[in-house]
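What follows is a single structure, written as structure tokens, with notes after it.
Atoms within a ligand are numbered from 1 in the order they appear, just like the ligands themselves. Numbers here simply count residues along the sequence, with the first being 1.
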Amino acid sequence: MKQILYDNHGRPINYVRLAVTDRCNLRCFYCMPEEGIDYVPRQELLSYEEMERTISLLVSMGIDKVRITGGEPFIRKDIMPFLRSISKLEGLKKINITTNGTTTLPHLEELYQLGIRSINLSLDTLDKERFFAITRRDVFDQVMETLHTMLKMGFETKINTVVMDGKNTDDILPLVELARDHKLSVRFIEEMPFNGEGQHYSDLQWNHKKILEHIKQVYPNVEKLPDPPNSTSYNYQIPGFKGTFGIIAAYSRTFCGTCNRIRITPQGMLKTCLYDDGVFNVKNMMRAGATDQQLETAFLEALGNRAKNGFEAERNRNFGLPVSESMSTIGG
Ligand code: SAM
Ligand code: SF4
């Protein structure tokens with residue numbers, strides 16, 4: 001019988017998000033500063049062997065879903081052999097990927113062959129110039145080609161759109177309308193202060209309520225869909241549309257009560273909440289010679305002391321400093 005992991009609040013934990021690198025070929029405004037990024041020295045990143053050991057151990061403890069994220073996962077050399085290896089792990093039911101779509105296209109065929117069916121593609125605008133303004137790179141056409149190929153191949157496709165005041169709110173409706181003819185889900189994410197610099201705005205202007213109100217002004221007949229268990233998004237459909245849309249209250253943190261996920265950062269830090277500053281470093285333990293049993297005990301202890309929600313996790317951060325690291329070093 002499958003083992004189930006629980007945290008100290010009785011929440012089942014079956015999902016790990018693994019950030020395989022902090023490097024990226026884009027410089028999204030909300031995620032990284034344009035210049036002066038301090039990448040983690042290469043030897044400080046988890047090696048593939050260390051990542052494989054971590055995932056294999058977590059799967060033996062009851063985790064059955066992994067999301068590969070970053071940084072940009074496809075920028076790390078030899079990502080495909082790594083995916084090939086973990087796709088063979090017995091007990092790992094799902095490997096999902098979050099990518100910016102710039103260098104993903106040549107890998108789609110093999111991803112599909114490996115049984116990977118669900119990809120989240122980050123796309124904040126359908127306007128080429130605005131794409132450049134947001135990501136600071138001119139690769140809109142490549143991303144759109146990736147999107148259309150993913151749809152043609154039958155990947156379960158989610159688009160991640162960070163809603164930014166004064167930057168892309170004019171894109172909300174065109175992005176919703178992508179779901180008219182395409183079977184995909186566009187998910188609007190509240191901007192969080194994870195940009196390597198601190199908060200862009202003193203107050204979040206576009207929270208989940210405002211995003212929905214904005215869509216309802218044009219589509220008053222929006223229908224609420226039942227949210228799958230552990231969903232971080234509120235999900236909706238416009239009658240007659242093939243696809244759906246969702247809203248993720250990432251800053252308002254309305255979903256903590258059913259949070260089933262943990263994170264491993266590129267440096268090997270375990271985070272039991274997006275808003276904490278790390279519980280223990282898996283890589284350091286491994287490099288100091290820890291056995292699997294010792295690692296397992298450390299994971300269990302961490303889950304036994306998990307913050308109740310993202311607000312508590314943020315309050316408990318060391319030195320009380322607010323969140324300001326880049327999402328690429330956390331794994332969004
Ligand atoms: N490079 C890949 C990508 O962009 O899809 C994967 C890593 S990225 C850090 C993962 C997700 O985090 C992306 O969908 C991105 O939009 C989201 N993200 C990054 N910074 C964010 C922020 N400050 N607030 C909300 N979401 C953010
Ligand atoms: Fe790179 Fe993804 Fe961050 Fe954009 S959101 S800078 S694509 S890691």
Side-chain angles (χ1 to χ4, degrees), residues 17-40 66-76 79 96-104 107 118-125 130-140 142-143 146-147 150 155 157-165 167-168 171 175 184-201 204-208 211 232-233 246-253 255 261 263-266 271 274-275 310 314 322-332:
R17 299 171 68 102
L18 176 69
V20 294
T21 180
D22 63 337
R23 272 90 168 146
C24 189
N25 55 341
L26 302 189
R27 291 289 177 275
C28 301
F29 162 82
Y30 47 78
C31 179
M32 280 195 195
E34 186 163 12
E35 284 169 18
I37 301 156
D38 293 328
Y39 280 142
V40 177
V66 175
R67 175 170 299 279
I68 303 298
T69 178
E72 173 49 35
F74 293 97
I75 289 297
R76 185 149 178 185
I79 183 73
N96 295 347
I97 293 184
T98 302
T99 175
N100 64 26
T102 55
T103 58
T104 321
H107 304 295
S118 172
I119 300 181
N120 290 9
L121 183 77
S122 297
L123 181 64
D124 304 305
T125 174
R130 221 174 280 153
F131 181 96
F132 181 75
I134 293 170
T135 65
R136 295 139 167 166
R137 296 292 183 269
D138 185 14
V139 286
F140 176 74
Q142 287 92 312
V143 178
T146 302
L147 171 62
M150 279 164 52
F155 279 101
T157 302
K158 291 180 185 156
I159 291 183
N160 283 358
T161 301
V162 180
V163 178
M164 294 160 277
D165 191 38
K167 290 252 176 211
N168 68 341
D171 284 285
L175 282 162
L184 47 70
S185 176
V186 184
R187 293 121 46 86
F188 298 100
I189 308 174
E190 287 178 353
E191 184 180 0
M192 297 178 281
F194 295 120
N195 50 37
E197 299 173 296
Q199 199 132 343
H200 281 134
Y201 317 106
L204 181 72
Q205 298 296 319
W206 285 78
N207 67 11
H208 60 110
I211 297 168
T232 51
S233 53
I247 303 178
I248 303 184
Y251 188 65
S252 307
R253 285 162 261 188
F255 43 68
R261 61 201 62 192
R263 291 179 155 78
I264 308 279
T265 71
K271 285 167 79 80
L274 180 56
Y275 284 84
E314 197 174 11
V323 172
S324 68
E325 59 263 46
S326 161
M327 194 66 138
S328 64
T329 65
I330 300 174

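- Proximity of a side-chain donor or acceptor of Arg76 to a complementary backbone N or O of Val20 within less than 3.5 Å is detected.
- Heavy atoms from both the backbone and the side chain of Thr98 come within less than 4.0 Å of ligand 1.
- Atoms of ligand 1 found under 4.0 Å from any heavy atom of Met192 (numbered from 1 in listed order, with element): 22 (C), 23 (N), 24 (N), 25 (C), 26 (N).
- Atoms of ligand 1 lying under 4.0 Å from at least one heavy atom of Glu191, given by number and element, are 24 (N).
- Here Glu314 pairs with Arg253 in a salt bridge; the nearest charged N to carboxylate O distance falls below 4.0 Å.
- Taking only nitrogen or oxygen atoms, main chain and side chain alike, Asn195 does not reach within less than 3.5 Å of ligand 1.
- Distances below 4.0 Å separate heavy atoms of Leu26 from the following atoms of ligand 2: 6 (S), 7 (S).
- Within ligand 2, counting atoms from 1 as listed, the ones closer than 4.0 Å to a heavy atom of Cys24 are 1 (Fe), 6 (S), 7 (S), 8 (S).
- Residue contact check: Asn160 has heavy atoms under 4.0 Å from atoms 14 (O) of ligand 1.
- No hydrogens or angles considered: nothing links the side chains of Asn160 and Asp124 as a donor-acceptor pair under 3.5 Å.
- Nearest-residue assignment for atom 18 (N) of ligand 1 (options Arg187, Met32, Met164, Met327; heavy-atom criterion): Met327.
- Taking 4.5 Å as the limit, every side-chain heavy atom of Met32 sits out of range of all side-chain heavy atoms of Leu26.
- Atoms of ligand 1 found under 4.0 Å from any heavy atom of Val162, numbered from 1 in the order shown, are 16 (O), 25 (C), 26 (N), 27 (C).
- Here's the thing with Asp124: none of its N/O atoms is less than 3.5 angstrom from an N/O atom of ligand 1.
- Heavy-atom minimum distance, Ala250 versus Ile189: CB-CG2, 3.8 Å.
- With a 4.0 Å cut-off on non-hydrogen atoms, Cys28 touches ligand 2 through its backbone as well as its side chain.
- Contact check for Thr102 versus Val143: side-chain heavy atoms found under the 4.5 Å cut-off.
- Defined by atom type and a distance below 3.5 Å, a donor-acceptor pair is present between the side-chain atoms of Thr99 and Thr104.
- Close contacts between ligand 1 and Thr99 involve ligand atoms 2 (C), 3 (C), 5 (O) [criterion: under 4.0 Å to a heavy atom].
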Output, in order, the C-alpha distance, side-chain angles, deciding distance and verdict of side chain to side chain contact (heavy atoms under 4.5 Å, CB included) for Phe140 and Thr135. CA-CA 9 Å; Phe140 176 74; Thr135 65; over 6 Å; no
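- The atoms of ligand 1 that sit less than 4.0 Å from any heavy atom of Cys31 are 19 (C), 20 (N).
- Remark: ligand 1 and Glu72 share an N or O pair separated by less than 3.5 Å (distance only, no angle test).
- Residues Arg17 and Ile264 form no side-chain contact, since every pair of their non-hydrogen atoms from C-beta on lies 4.5 Å or further apart.
- Of all atoms in ligand 2, listed by their number and element, those nearer than 4.0 Å to a heavy atom of Asn100 are 7 (S).
- When atom types are taken as modelled, the side chain of Thr125 and the backbone of Asp171 share no donor-acceptor pair closer than 3.5 angstrom.
- Near Gly71, with a cut-off below 4.0 Å to any heavy atom, the atoms of ligand 1 are 1 (N), 2 (C), 6 (C), 7 (C).
- Nearest to atom 5 (S) of ligand 2 by heavy atom, out of Cys31, Gly70, Ser122, Ala19, is Cys31.
- Between Phe194 and Tyr275, the two ring planes are tilted [angle within 30° to 60°].
- Looking at Tyr251, Phe29, Tyr30, it is Tyr30 that brings a heavy atom closest to atom 20 (N) of ligand 1.
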